[in-house]
Colleague: 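Here's a structure for you.
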Protein chains: 2
Amino acid sequence: MASTPPRAATLHEVAALAGVSHQTVSRFLHNKGPFKPATIERVEAAIQELNYRPNMIARSMRTRETGILAAILPSPVTAMPTPTLAAAAELARQSGYFMEISVIEGPAQDRAKRTQELLDSGRLEGVLALGALPGMSEQPRGPGTTALAILDQYDDRLRGIGPLADASALREIIETLAGMGHRRFLHIQGPQDWSSARARREEYLRSIEDLGLDSHGIRGGDWTLESGYAAVSGLEEDSGVTAVIAANDYLALGALRAAHDRGWPVPRRLSITGWDDLPTARYAVPALSTVAVDQRSQGRSAMERLIALVRNEPAPDSTIPVSRLILRESTGPAPEPEPSEVQR
Amino acid sequence: MASTPPRAATLHEVAALAGVSHQTVSRFLHNKGPFKPATIERVEAAIQELNYRPNMIARSMRTRETGILAAILPSPVTAMPTPTLAAAAELARQSGYFMEISVIEGPAQDRAKRTQELLDSGRLEGVLALGALPGMSEQPRGPGTTALAILDQYDDRLRGIGPLADASALREIIETLAGMGHRRFLHIQGPQDWSSARARREEYLRSIEDLGLDSHGIRGGDWTLESGYAAVSGLEEDSGVTAVIAANDYLALGALRAAHDRGWPVPRRLSITGWDDLPTARYAVPALSTVAVDQRSQGRSAMERLIALVRNEPAPDSTIPVSRLILRESTGPAPEPEPSEVQR
DNA sequence: ACACTCAGAGTGATCGTTCACATTCGGGGA
DNA sequence: TCCCCGAATGTGAACGATCACTCTGAGTGT
């Protein structure tokens with residue numbers, strides 16, 4: 001008394017039930033060629049009856065297309081906003097792809113090596129690096145090669161390109177602060193193997209120079225709260241800095257806390273700005289002035305680019321969503337110079 | 001002049017080059033049976049020479065094992081800490097599995113439906129829900145069925161189980177605060193389809209009762225900052241609440257800001273606690289008292305459970321990492337009753 | 001000298017789908 | 001009537017691995 005095996009139905013079984021050949025069913029599934037109405041009906045009924053689902057593995061075997069993409073999380077992983085990841089995954093699914101994720105820690109060299117292994121595995125049609133991947137560049141899909149797209153991408157001259165690289169809001173920040181009387185700035189930078197961090201740093205330096213302002217220097221170096229805290233903690237008492245431009249919100253929130261611990265009121269003595277508009281930024285005390293970026297559309301547009309590379313289509317004209325400066329409580333007019341300092 | 005096709009080498013080609021049968025190479029790759037040293041040498045050389053990599057698709061087709069797991073992100077996705085996801089992905093990889101991710105938004109019903117589709121797709125060996133999945137329960141892998149593990153899992157009586165459900169630290173919080181003189185509490189709860197949120201709520205109510213304290217009530221209902229803000233904003237001026245127990249850090253940070261906006265000093269007038277120990281919690285002003293949970297080991301242990309279910313092995317004795325109460329600046333002694341209130 | 005065992009290796013079928021090609025059928029023009 | 005054409009469908013091989021067998025030859029006990 002063998003009970004029915006729970007094995008899934010195959011194309012042949014559907015064909016047998018419908019009284020047609022397996023090829024007809026296959027064609028039906030791909031909407032190829034015209035069919036007699038009667039055929040359509042019978043095949044549809046058979047599929048329904050057997051609850052048939054095509055076996056993707058077998059299909060992949062024949063077509064050599066796996067439909068699988070992989071996303072590489074940046075290191076450290078906290079630098080990855082979940083909405084970016086989620087948006088990329090959603091678009092992949094909508095476009096008929098599966099998206100795996102791959103965590104690659106370690107120094108740039110190891111990351112590049114593991115990424116290369118992924119590219120060579122032959123299992124993937126495309127790889128999306130959701131962050132910086134120093135030493136590697138985007139490539140389309142060819143016969144035998146896997147496509148690679150990089151969210152934090154740079155060009156031949158190491159200039160940032162792509163949705164993460166737009167640092168123009170930084171000039172706006174500095175102009176705004178200069179308009180409030182600020183003259184001496186500090187930049188807390190991100191890791192310099194990220195082109196977005198480099199772009200912000202460069203825009204900072206350029207703006208300072210163009211506007212005839214002073215920079216006390218540049219601190220930081222990674223994306224962490226600790227780094228931001230240390231930057232402001234280590235600031236000399238007489239540095240004259242009245243505005244701190246952080247490369248992201250984590251750095252800025254760390255800086256905010258350091259200012260608090262030193263008894264420096266923000267923004268009365270020190271103005272601080274961030275970048276990313278984290279959910280918590282708005283509820284910080286004081287609320288953080290920052291640059292709102294649309295993380296979901298960043299993830300989506302990166303995935304769009306990858307899929308174009310996979311399909312060897314021209315790159316979609318990525319309408320990069322403009323990042324938008326949001327002024328909250330952490331920025332304000334520059335403090336009046338203290339009388340004692342004026343006398344000196 | 002056809003150049004060498006970039007197609008990957010097959011088992012047969014390796015066998016031909018090594019002068020053995022394809023089966024021998026296959027056995028070699030699986031470490032099956034003894035081999036003559038000479039055979040080993042020749043096969044290894046051939047593999048090296050052709051840079052052979054087994055075709056996972058073909059293997060899957062024959063063995064009916066895909067080696068692919070899927071992780072379902074919770075909704076909203078910001079409720080998912082990246083380290084949890086990353087740790088799960090790492091363990092999957094180390095165990096020889098690939099991990100896809102799948103974003104399923106929408107109400108519980110849709111989520112259950114889409115999850116069921118994933119389970120039925122036949123492409124996956126296991127599915128890990130990184131969050132609540134109301135109406136579905138864990139299942140092992142059988143012939144034709146896909147394993148399912150749920151991070152935020154509950155038992156038959158809707159009691160939370162698993163690593164997320166340990167709410168014992170909540171009692172510790174309340175005992176500590178009671179020791180500081182607090183008598184009247186408010187709970188800001190998470191979404192009640194999460195068993196962890198239910199567990200914290202229940203532990204809150206039980207502790208209040210056991211210790212003979214007062215609860216002003218329960219607010220909140222999702223995991224957002226807005227919800228936490230609203231809970232404290234809406235508190236009556238004369239509620240008598242001196243301590244707010246939030247179900248996670250987002251809620252707590254929102255509450256913190258609301259207290260600030262009402263001019264209620266924290267902790268002098270109101271103590272606030274969170275849960276999760278987000279990176280920003282420590283740098284908040286005031287620094288948030290919270291419960292540190294090891295997100296990485298939560299992700300890892302959930303994945304361990306899934307893999308055990310996939311392999312039909314007994315569940316690993318999950319040494320649930322104990323969550324640890326961290327007292328920072330947002331908690332302190334209860335305020336003295338104001339003279340005016342005493343007179344009334 | 002014989003059968004037996006076991007290490008070591010080989011043979012052919014098979015998984016479920018798509019590809020390339022062959023076949024059937026009905027109708028319209030010469 | 002015959003031929004041809006396109007619509008509609010059928011046939012068999014192939015993708016690259018593993019599974020279930022079969023086969024060979026050297027050693028072993030009697």
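Chain naming here is simple, since letters A, B, ... match the order of the sequence lines and numbering starts at 1 in each.
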Colleague: Give me, pair by pair, the N or O atoms of the protein and of nucleotides 23-28 of chain C that are less than 3.5 Å apart, along with how far apart they are.
Modeller:
none

Colleague: With heavy-atom distances below 4.5 Å as the criterion, would you say the side chains of A/Leu85 and A/Met99 are in contact?
Modeller: yes

Colleague: Please indicate whether B/Glu313 has more than 12 foreign heavy atoms, meaning atoms of other residues, nucleotides or ligands, lying under 6.0 Å from its CD.
Modeller: yes

Colleague: Can you check whether A/Glu304 reaches A/Ile307 side chain to side chain, under 4.5 Å on heavy atoms?
Modeller: no

Colleague: Compare all side-chain heavy atoms of A/Glu105 with those of A/Val77 and state whether any distance is below 4.5 angstrom.
Modeller: yes

Colleague: Do A/Leu148 and A/Leu309 have side-chain heavy atoms sitting under 4.5 Å apart?
Modeller: no

Colleague: What's B/Thr39 touching, base or sugar-phosphate or nothing? Going by heavy atoms closer than 4.0 Å.
Modeller: sugar-phosphate

Colleague: To the nearest 10°, give me the bend of the helix from C/dA1-D/dT30 to C/dA30-D/dT1, comparing the axes of its five terminal pairs at either end.
Modeller: 60°

Colleague: Go through DNA chain D in 5' to 3' direction and return only the first and the last nucleotide with some atom under 4.0 Å of chain B's heavy atoms.
Modeller: D/dG16 to D/dA20

Colleague: Taking atom CZ of A/Arg114 as the centre, does the number of heavy atoms from other residues, nucleotides or ligands within less than 6.0 Å exceed 12?
Modeller: yes

Colleague: Would you say the side chain of B/Tyr97 lies within less than 4.5 Å of the side chain of B/Val310, judging by non-hydrogen atoms?
Modeller: yes

Colleague: I'd like to compare against my own output: the B/S/- annotation of nucleotides 16-22 of chain C with a strict under-4.0 Å heavy-atom distance to protein.
Modeller: BBBBB--

Colleague: Under 4.5 Å between any side-chain heavy atoms of B/Val20 and B/Val25, yes or no?
Modeller: yes

Colleague: Sequence neighbours left out, what passes side-chain contact (heavy atoms from CB on, under 4.5 Å) with B/Gln94? Give chain and number order.
Modeller: B/Glu90, B/Leu91

Colleague: Do A/Glu100 and A/Leu124 have side-chain heavy atoms sitting under 4.5 Å apart?
Modeller: yes

Colleague: Side chains of residues 37-53 of chain A: which donor-acceptor partners sit under 3.5 Å, not counting sequence neighbours?
Modeller:
residue	atom	partner	partner atom	Å
A/Arg42	NE	A/Ala18	O	2.8
A/Arg42	NH2	A/Ala18	O	3.3

Colleague: Among B/Arg141, B/Arg64, B/Arg311, find the residue that satisfies the salt bridge (charged side-chain N to carboxylate O under 4.0 Å, His left out) test when tested with B/Glu125.
Modeller: B/Arg141

